[in-house]
Amino acid sequence: MSVNFLISQAKIIQKVIDANASEIEKLDQNIGDGDHIFNVQRGLKLVVELESTIKDLPLSKALNMIAMKVLSGIGGSSGALFGTFFMSMAKTSNLEEVNFSKACEMIISGVNAMKDRGKADVGEKTMMDVLIPVSQKLNEIKNENIEKNQGLKEVIKIAEERMLATKDMLATKGRASFLGERAKGHIDPGARSSQLIIETICKSVINE
Ligand code: ADP
Ligand code: MG
């Protein structure tokens, strides 16, 4: 993982999110307030705009700047949660080379920090339904020396299954929790955007 990688991924993710924007917007209109797509698109734009400022910085400094931008520039639950994610990634990254295993470690710590911040666990119909199982799989890949591309293909599958599984859940965190039974039958918007982001990054790394 490098600053260059982060920026290039943000640009590719922008395209994928834009291509699925109306679906994500509808999902948050169904069980939230409709702004999730706007928050995600704004976050990505802020990261891409940082390119010239961060491109020559050490990874930890660049991640810190991204975290600050995201925390101050995006509203909603997602701003606070993704800001926390990048902040924790910045803390775990050191100045030495960040190989695949270290990158997994950084992502795992980022997801743990989000979990602490939002207090949501698996089964509560949030983006954590996708992110926690993905982070557990990354831990397995890292510790059990599972072949990288095979492991990442499994990550893509887990993310999709867990995103779809939010459809029949009751929400116990976030705005959707006010809906009770009415939240059932709708996929969680944050789970869908997170799944698209994970799929995009995994595919890039597989094709590297
Ligand atoms: P808001 O809910 O404040 O309008 P967004 O629309 O940007 O913020 O994000 C909504 C998404 O945030 C939900 O779909 C859900 O995945 C996620 N979310 C909400 N509350 C939490 C929480 N406590 N922990 C983790 N994720 C959450
Ligand atoms: Mg919203």
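Read the numbers this way: they start at 1 and go in the same order the structure lists the ligands and their atoms.
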Participant: For the CD1 atom of I54 and the CD1 atom of I66, what is their distance to the nearest 0.5 Å?
Facilitator: 4.0 Å
Participant: Can you tell me, to 10 degrees, how wide the angle at the Mg ion (ligand 2) is between OD2 on D28 and OD1 on D35?
Facilitator: 90°
Participant: Could you check whether atom CG of N4 has more than 12 heavy atoms from other residues, nucleotides or ligands sitting under 6.0 Å from it?
Facilitator: no
Participant: With atoms numbered from 1 as shown, which atoms in ligand 1 lie under 4.0 angstrom from a non-hydrogen atom of T126?
Facilitator: 15 (C), 16 (O), 25 (C), 26 (N), 27 (C)
Participant: Flag G75 as yes when one of its N or O atoms lies below 3.5 Å from any N or O atom of ligand 1, and as no otherwise.
Facilitator: no
Participant: For R175, which part has a heavy atom under 4.0 Å from ligand 1: side chain, backbone, both, or neither?
Facilitator: side chain
Participant: Could you find the nearest protein heavy atom to atom 6 (O) of ligand 1 and give me its residue, atom name and distance?
Facilitator: D35 OD1, 2.9 Å
Participant: Is a salt bridge present between E23 and K26, judged by a nitrogen-to-oxygen distance below 4.0 Å?
Facilitator: no
Participant: Have a look at D33 and say which of its N, O or S atoms is nearest the Mg ion (ligand 2).
Facilitator: OD1
Participant: Counting only heavy atoms not in K173 (residues, nucleotides, ligands), do more than 12 fall under 6.0 Å from its NZ?
Facilitator: yes
Participant: To the nearest 0.1 Å, how far is atom 23 (N) of ligand 1 from its closest protein heavy atom, and which atom is that?
Facilitator: G118 O, 2.9 Å
Participant: Got an N/O contact under 3.5 Å between S77 and ligand 1?
Facilitator: yes
Participant: Looking only at the side chains, is there a donor atom on one of S109 and S88 sitting less than 3.5 Å from an acceptor on the other?
Facilitator: yes
Participant: Report the part of N39 (side chain from C-beta onward, or backbone N, CA, C, O) that has a heavy atom under 4.0 Å from ligand 1; answer both or neither where that applies.
Facilitator: side chain
Participant: Salt bridge check: are K184 and E181 linked by an N-O gap of less than 4.0 Å?
Facilitator: yes
Participant: When you look at CZ of F5, are more than 12 heavy atoms from neighbouring residues, nucleotides or ligands closer to it than 6.0 Å?
Facilitator: yes
Participant: Relative to the heavy atoms of D188, which atoms of ligand 1 are at a distance of less than 4.0 Å?
Facilitator: 13 (C), 14 (O), 15 (C), 16 (O)
Participant: Measure the distance from atom 9 (O) of ligand 1 to every protein heavy atom, then report the residue, atom name and distance (to 0.1 Å) of the closest one.
Facilitator: H36 ND1, 3.1 Å
Participant: In terms of side-chain geometry, is the basic nitrogen of E49 or K69 positioned less than 4.0 Å from the acidic oxygen of its partner?
Facilitator: no
Participant: Salt-bridge test for E105 and K102: reply yes if a basic N is under 4.0 Å from a carboxylate O, no otherwise.
Facilitator: yes
Participant: As an exercise, state the distance from CD of E25 to CG of N20, rounded to the nearest 0.5 Å.
Facilitator: 13.0 Å
Participant: Write out the residue and atom name of the closest protein heavy atom to atom 24 (N) of ligand 1, then the distance separating them to 0.1 Å.
Facilitator: A120 CB, 3.4 Å
Participant: With heavy atoms of L81 as the reference, note each atom of ligand 1 found under 4.0 Å away.
Facilitator: 24 (N), 25 (C), 26 (N), 27 (C)
Participant: Do any nitrogen or oxygen atoms of G76 lie less than 3.5 angstrom from nitrogen or oxygen atoms of ligand 1?
Facilitator: no
Participant: Rounded at 0.5 Å granularity, tell me how far CG in L196 sits from CZ in R192.
Facilitator: 4.0 Å
Participant: Distance under 4.0 Å to a non-hydrogen atom of M127: what atoms of ligand 1 satisfy this?
Facilitator: 12 (O), 15 (C), 16 (O), 17 (C), 26 (N)
Participant: Under a 4.0 angstrom heavy-atom cut-off, which atoms of ligand 1 come close to G174?
Facilitator: 19 (C), 20 (N)
Participant: Can you sort out which atoms of ligand 1 are near M128, meaning under 4.0 Å from one of its heavy atoms?
Facilitator: 25 (C)
Participant: Would you check whether P189 reaches within less than 4.0 Å of ligand 1, judged by its heavy atoms?
Facilitator: yes
Participant: Quick one: look at D28 and ligand 1, take heavy-atom pairs under 4.0 Å, and tell me if it's side chain, backbone, both or neither.
Facilitator: side chain
Participant: OG of S135 to NZ of K142: how many Å apart, nearest 0.5 Å?
Facilitator: 10.5 Å
Participant: For atom 7 (O) of ligand 1, what is the nearest protein heavy atom, given as residue, atom name and distance?
Facilitator: S78 OG, 2.2 Å
